[in-house]
Each structure stands twice: as structure tokens, then as C-alpha cells.
Amino acid sequence: MTAIKYFTPLLSLCLLACQTTDRPQPEASKAELAASMTAVDKPATPPPPATMPDAVQRELNSGALMAGLTPPMETERRFDVSAHDVDAKVFFRA
């Protein structure tokens, strides 16, 4: 008896959670889907290329931007080492 007292409200709550809501008519949904598909099928026109003012174009083409850069740092002198079966402590001590 106690199980039925707890089981009945729980079952009722679960069944209420499965209740369906108002759904649109299938014809309306199909018409909206068809309209969106035709909108996707149309080729999109690309936007026109951006126009740049002449003063900006001259500034970009001039060498003034590259003149302000610092020269690259000198790199360390490097050399290749080919050592086989040599202990690292012995090699790097030299």
C-alpha cells in the first residue's frame, strides 16, 4: 500500500512530462523548409572589392615602412658535431 502511495504520483509526473505540445501544421513546416532550401540554392554575390584611398596606397607602396625596421641580430657561429659513443661529460668538458 505504501508503494502505491509513492508510485502513483511519480508515474503521473512522468506521464505529464511526456505530454506533447502544440506543433505547427506539417504543410507550414514543409513550406518553410522549401523556402529556406531555395534561399540556400541561390548563389551568393560576393561583396565588391574594398577601395583604398590614394594616400594609404602610396604609404603602403613606399619604402618608409621597411626603413624603420632594425637590422637583424647577428647569429652565433655554429658548427656541426658528429660524435658517436662518447660520454657527454667528457665531450662537453673540452
Side-chain angles (χ1 to χ4, degrees):
M1 183 74 170
T2 308
I4 293 175
K5 189 169 33 172
Y6 294 113
F7 183 70
T8 304
L10 184 62
L11 181 63
S12 299
L13 182 64
C14 289
L15 290 175
L16 284 174
C18 295
Q19 177 182 346
T20 59
T21 58
D22 292 335
R23 294 185 182 169
Q25 296 297 325
E27 295 83 20
S29 299
K30 288 180 183 178
E32 289 294 324
L33 285 173
S36 66
M37 291 299 288
T38 56
V40 169
D41 290 339
K42 292 180 183 174
T45 57
T51 57
M52 201 175 301
D54 291 335
V56 174
Q57 189 65 39
R58 280 194 303 274
E59 183 71 25
L60 289 173
N61 288 338
S62 71
L65 294 174
M66 297 300 285
L69 296 176
T70 58
M73 296 177 56
E74 292 184 27
T75 58
E76 302 176 339
R77 192 177 130 227
R78 296 180 181 236
F79 54 93
D80 292 329
V81 175
S82 177
H84 297 285
D85 297 327
V86 178
D87 191 23
K89 291 180 182 178
V90 174
F91 179 79
F92 285 109
R93 192 176 325 146

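Here R58 pairs with D54, A55 under the side-chain contact (heavy atoms from CB on, under 4.5 Å) rule; sequence neighbours left out. In this view, E32 satisfies the side-chain contact (heavy atoms from CB on, under 4.5 Å) rule with no residue, not counting sequence neighbours. Take M37 and apply the side-chain contact (heavy atoms from CB on, under 4.5 Å) test, not counting sequence neighbours, and it matches no residue.
Looking at every heavy atom in both residues, S36 comes nearest to L33 through OG-O, 2.9 Å.
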